[in-house]
Enquirer: 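Can you read through this structure? Questions will come right after.
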Amino acid sequence: MAYVPLADQDHEHELHDPHTFITKYVWSQDHKVIAIQYGGTAILVGLVALGLSVMMRLQLGFPDTFSLIDPSSYYQAVTMHGMIMVVYLLTALFLGGFGNYLIPLMCGARDMVFPFLNMLSFWFYLLSVLILLSSFFVTGGPTGAGWTLYPPQTITPGTPGHETGILLMLISLGVFIVAFTMGGLNYVTTVLQARSRGLTMMRLPLSVWGILTATVLGLFAFPALLVSAIMMTFDLMLGTSFFMPAIMAAGEQLDYNGGSPILFQHLFWFFGHPEVYIVALPAFGLVSDVLSTHARKNIFGYRMMVWAIVAIGGLSFVVWAHHMYVSGMNPYFGFFFATTTLIIAVPTALKVYNWVLTLWEGDIRLNTPMLFAIGFIFTFIHGGLTGLFLGNVVIDLPLSDTYFVVAHFHMVMGVSPVLVVFAALYHWYPKMTGKMMNETLGKLHFWCTFLGTYAIYLPMHYLGFLGVPRRYYAMGSTDFIPESAQALNANITLAALFVATAQVLFFINVFWSLKNGKPSGGNPWGATTLEWQTPDTPPKHGNWGKDLPVVHRWAYDYSVPGYPQDFIPQNVAGDFGVSDDHDHDDAPAKHA
Amino acid sequence: MSFYKQVTSKPWEYQAPVPGSGPETVFGSESEKIALTLFLVVVSVIFSLLTVTYYLRMDIGDWVPLSDPSMLWFNTGLLVVSSILFQYSRTKAQGEENVSSIKLAFFVGGVCAVLFVGGQLFVWQQLASNGLGVGSNPSSAFFYLLTGMHGLHLVGGLWVWSKTSLRLFGSTDVGDSRLSIELCTTYWHFLLVLWVLLFAVLANT
Amino acid sequence: MAIAVVLVLLVVGSVVFHFASPWWFTPLASNWGTIDFTINLTFWVTGAVFVAVNLFMAYCVYRFRHKAGHKAVYEPENAKLEIGLSAVTAVGVIAMLAPGLFVWATFVTVPEEATEYEVVGQQWQWSFRYPGNDGVLGTVDTRHISEANPFGINPEDPNGQDDILVKDPEMYLPVGKPVKALLRSKDVLHNYTVPQFRVKMDLVPGMVTYLWFTPTVVGSYDILCEELCGIGHHVMRGKVVVAEQADYDAWLSRQPTYAQLAGMSAPNAAAGQQQYAVCASCHGQQGEGNPALNAPKLNGLQSWYIERQLKYYQQGVRGAHPDDVYGRQMAPMASMLSTDEAVRNVAAYISQLPVTDAPATVSGNAANGMSIYNANCAACHGKDGKGSWATDAPNLVGMSDWYAYTQLNNFKAEIRGAHSDDDYGEQMVSMATAMRNEEQLNDVLSYINSLQ
């Protein structure tokens with residue numbers, strides 16, 4: 001084919017040129033630097049959200065004790081915590097961070113196909129984060145409407161931050177979506193167009209499949225959020241009535257008429273449900289690669305894993321109204337959405353089975369990334385199963401809007417993806433830095449995080465069964481909540497404080513290892529995928545030196561019978577397959 | 001290999017490497033075109049959602065149909081001419097026969113689009129002076145919203161157009177700009193079709 | 001290795017926690033036993049999967065952990081096994097979904113004999129409407145809502161005239177009869193939840209939603225709002241009393257109809273003036289208050305607020321707490337007003353007294369007070385502090401700050417507002433905690449002093 005993608009055009013002369021500090025680390029167009037910029041920003045803003053959750057937990061565990069928190073700031077913390085964690089941390093970290101770092105490396109490309117657009121994507125993302133954070137410093141503070149931003153409440157005077165905070169939130173989301181679209185087009189085009197020779201789609205590591213599918217979901221889902229944000233901005237600033245019916249506020253008739261709040265909810269969840277999978281699918285992909293590498297075994301049922309990712313992605317667009325069973329929408333929708341929702345359980349369960357079966361007859365190395373990956377399977381099973389409660393429409397009647405929901409989604413899209421984030425960071429850190437992380441600290445970090453989070457969320461489900469409502473600043477007096485529930489809440493708060501504090505271990509490890517970690521070499525885990533086969537570690541600008549790698553096999557040739565090593569990198573030529581009608585004379589090309 | 005065969009193949013089975021030197025691609029065309037197509041899909045999703053919302057909101061009962069200004073027909077004509085001129089420059093650019101006619105067609109095509117945007121703004125002004133502001137009625141709110149969103153996309157395209165025009169007039173051949181012209185043309189056709197559909201929706205409700 | 005042991009322990013621990021947990025569904029008080037059945041069924045199915053998969057994983061980790069010389073088995077896939085597992089999963093899913101859909105079908109089909117009542121939500125109060133003798137609820141519209149017509153009932157609609165209005169967060173239902181709740185909101189989304197009934201549904205402004213159930217157990221249950229509705233979301237409470245038919249009928253007959261309320265004669269301020277003579281001895285001729293006698297300023301207060309407080313004193317809702325020293329003095333005084341009519345008249349008289357100045361006695365940082373006030377108090381009392389009939393929040397501007405100080409402390413200490421019949425006092429118990437300490441309290445009061 002005559003066409004040569006941008007990344008491969010004659011950059012050679014400048015690939016190894018010295019750069020100034022600014023072009024190398026600030027206005028960089030290198031996907032690896034952008035990945036670290038994206039990831040670093042996401043983690044920093046995530047720490048803000050973690051701080052907010054500590055604030056909430058202090059109030060819930062020890063009501064009315066801490067003077068930083070009043071009803072108004074509590075609801076603001078609830079809102080900002082949710083929005084930051086879901087959009088600005090997890091989406092940005094998985095796609096902007098891991099997507100940027102791994103796609104070109106795993107695909108054997110020199111960079112994304114549009115490096116300039118990639119850089120622009122990061123700067124827009126940073127701008128959206130700054131706009132969001134600026135709402136903490138305006139009159140009235142950030143919005144306290146809940147991350148779902150349901151109108152009419154979002155823009156009426158009874159809600160904290162209705163003055164300016166909500167507008168900043170809507171603008172920030174708009175900018176974020178622009179940033180995401182620029183990045184997303186890049187990721188998809190790169191995977192489709194810039195894979196190195198021999199790397200067919202079905203030879204891709206599952207990480208790439210997960211990130212690719214999630215990006216496609218994002219490209220389809222974020223428009224719904226954009227549309228609802230724009231229409232809400234119209235209602236807020238221009239007095240239209242898209243979502244605003246005739247209502248009262250503090251005894252006054254507001255000048256709205258005829259709008260439909262439920263319309264907003266449909267738009268929001270048309271984005272919001274796929275968003276869950278935008279976070280989950282990259283996690284599914286990354287954890288598959290971590291499990292396979294450290295179990296020294298191919299991922300079990302690769303093809304079904306790929307199809308399951310795609311099937312889950314597709315189905316995620318027809319289940320959105322399961323968030324709205326008690327919203328007052330036409331109740332007959334409940335039949336359809338309960339059915340589609342529970343159908344998703346089948347491919348999802350298959351993924352879990354295949355992860356566990358990957359361990360079966362493996363040769364499991366229980367190092368830090370593997371511990372996090374196993375921890376993920378446990379928490380994901382737990383969160384997935386409680387999803388079967390909430391997806392089944394009648395069970396949602398008593399449980400919706402209680403702590404059961406909070407516990408469920410924190411297990412399934414809070415703890416689980418975060419455990420994968422850590423698994424992935426411990427796993428790929430040697431590639432990013434050339435240093436190994438400290439195992440002792442890493443394992444300690446794992447035990448604190450894994451056990452601590454379970455201590456937070458297991459009991460929380462039971463508060464939900466009891467009927468304790470979510471998003472309550474204080475429970476006040478009721479006749480059905482026993483005193484013991486408060487004691488339980490206090491314990492949950494202690495566990496949460498413990499987990500939050502334990503994250504210091506991770507940051508110590510990251511910075512300590514940067515300086516003092518053992519040199520890792522290019523492929524410390526003995527992994528097969530391309531990113532571990534780069535000539536330099538960390539990879540230089542352009543990734544591959546003079547020649548792009550040529551791929552001869554799929555991503556999971558671990559413990560191939562008859563082959564001396566227990567892994568065969570993807571770029572090693574020759575057939576060493578289990579089919580015994582080939583001779584094994586080709587000596588494996590020893591790889592640096 | 002067909003797509004079905006590819007996704008059902010057993011990747012762990014050995015296959016002799018496929019000869020060739022370039023990268024593996026799913027689609028045999030420039031990445032820019034793939035990215036633009038993807039982007040157009042995203043834009044289609046945005047406008048589909050807006051249209052669905054439009055019809056749902058229309059059913060609520062306080063809808064007062066808008067009588068569409070006849071000026072819109074004129075604007076539509078401008079956009080059609082714009083699209084035709086872009087197509088002309090694109091076709092010519094394949095053969096590179098007459099550089100100055102390519103430049104002229106491309107430039108005038110863009111100017112027509114600028115006039116279209118101006119015309120839309122004029123329609124806004126007309127409506128506003130007839131007392132139909134954004135907040136007057138859901139139908140007028142949607143009118144401003146839909147035309148505004150469409151116009152913004154066109155303005156985005158005009159930014160690329162202006163960059164390409166500058167480059168085109170600064171050089172003696174089309175070489176560098178052929179891809180940009182193709183991309184602009186595709187984008188323009190898309191926005192024309194989009195506008196015709198929106199106009200049909202706005203005019204019939 | 002450790003992880004295998006921990007996984008087993010976590011599985012065992014979760015099961016033990018489940019059976020030992022005192023936190024479980026409240027006892028059912030409605031016909032929705034079928035929902036509980038579906039939950040239990042789901043619990044056993046998912047519980048079994050949870051235990052089985054995790055124990056299997058723990059076994060794998062233990063059995064196949066790295067040992068020198070050991071090599072993993074190469075097995076790309078096993079289509080039969082994967083399809084088989086998916087099929088088993090699908091059967092499990094159907095087993096949970098099918099009963100769920102049947103129960104949902106009964107939930108969406110309201111029985112013919114169900115009687116209707118209406119739940120009206122607003123920030124942050126519940127009120128209720130029952131069809132009168134004609135059994136039909138009159139039409140309503142947000143545009144009709146005013147101080148005199150808080151339900152927004154269409155005055156032209158004959159069906160609405162005998163509608164029974166309960167502008168009070170306590171409602172009654174007869175036991176054993178199916179009822180259909182029609183849900184309506186005046187402002188934002190709310191959610192009508194009674195945990196013991198199991199069912200809940202959002203109230204959506206601009207439309208009427210519904211749910212149905214049959215209360216089966218006599219008793220009193222909390223109504224909670226379970227859709228975030230602004231800053232007072234957590235204090236939007238009510239009560240539903242499930243009573244025998246006779247008690248229910250008696251309660252219902254005590255509630256006013258729309259026509260009665262609309263036809264009520266205006267209070268007689270002149271008559272109130274005579275009654276006020278007793279009050280004047282402490283509160284002053286002009287209602288200007290007297291700090292020496294611990295009597296707060298009264299002029300400037302709205303009549304509905306004075307009326308409600310006088311009734312609370314009479315009913316022992318307020319001024320009965322042993323630590324409420326001055327409240328206990330007020331209670332017998334309030335009881336001297338023998339009829340509701342007298343209460344209305346006095347309240348009307350006080351509310352039209354000329355407004356006098358109250359000297360400021362507290363000092364604090366008004367700027368800090370403003371940020372606390374605007375964030376937490378303004379939602380009900382208004383940015384201007386003048387209060388509103390809509391939120392039942394009294395005027396705060398120009399009132400005795402020393403009195404507000406005492407009352408806020410009383411709310412925080414649950415000396416005032418904790419009584420179950422103090423409809424909106426409980427909201428203040430919670431909201432007063434926004435002022436965490438003495439200093440913040442003084443800041444807010446000095447900000448209120450600065451309001452005009």
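Note that this is a predicted model, so its numbers are computed, not measured.
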Enquirer: Taking the side chain as every heavy atom from C-beta outward, state whether C/S430 and A/P71 have any pair of such atoms under 4.5 Å apart.
Expert: no
Enquirer: Let me know if C/L183 has heavy atoms under 4.5 Å from chain A in its side chain, its backbone, both or neither.
Expert: neither
Enquirer: With a 6.0 Å cut-off on the ring centroids, do A/F378 and C/F50 count as close?
Expert: yes
Enquirer: Quick one: does A/Y462's side chain get under 4.5 Å of C/W24's, heavy atoms only?
Expert: yes
Enquirer: Among C/L41, C/I35, C/T38, find the residue that satisfies the side-chain contact (heavy atoms from CB on, under 4.5 Å) test when tested with A/I395.
Expert: C/T38
Enquirer: A side-chain contact here means heavy atoms from C-beta on lying under 4.5 Å apart; do A/L451 and C/L10 qualify?
Expert: yes
Enquirer: With side-chain hydrogen bond (donor to acceptor under 3.5 Å, both in side chains) as the rule and sequence neighbours excluded, what pairs involving residues 148-158 of chain A come up?
Expert: A/Y150-A/W269, A/Q153-A/T159
Enquirer: Decide yes or no for C/W104 and A/P331: does some side-chain heavy atom of the first lie under 4.5 Å from some side-chain heavy atom of the second?
Expert: yes
Enquirer: State whether a side-chain donor-acceptor pair under 3.5 Å links C/E426 with A/S477.
Expert: yes
Enquirer: Any side-chain heavy atom of A/Q265 sitting closer than 4.5 Å to one from C/L189?
Expert: yes
Enquirer: What part of C/V93 gets closer than 4.5 Å to chain A, counting heavy atoms only: side chain, backbone, both or neither?
Expert: both
Enquirer: In sequence, state the C-alpha distance, the side-chain angles, and the governing distance for C/F64 and A/W360, and then conclude on ring-ring contact (aromatic ring centres under 6.0 Å, His included).
Expert: CA-CA 7 Å; C/F64 302 107; A/W360 177 253; 5.0 Å; yes
Enquirer: Check whether any side-chain heavy atom of C/H234 lies under 4.5 Å from a side-chain heavy atom of A/M475, and answer yes or no.
Expert: no
Enquirer: Just by distance, with hydrogens left out, do A/Y353 and C/T89 show a side-chain donor and acceptor under 3.5 Å apart?
Expert: yes
Enquirer: Sequence neighbours left out, cut at 3.5 Å: what donor-acceptor pairs do the side chains of residues 384-391 of chain A make with other protein atoms?
Expert:
residue: A/T386; atom: OG1; partner: A/H382; partner atom: O; Å: 3.3
residue: A/T386; atom: OG1; partner: A/G383; partner atom: O; Å: 2.9
residue: A/T386; atom: OG1; partner: A/H408; partner atom: ND1; Å: 2.9

Enquirer: For residues A/F335 and C/F102, establish whether the separation of their ring centroids is below 6.0 Å.
Expert: no
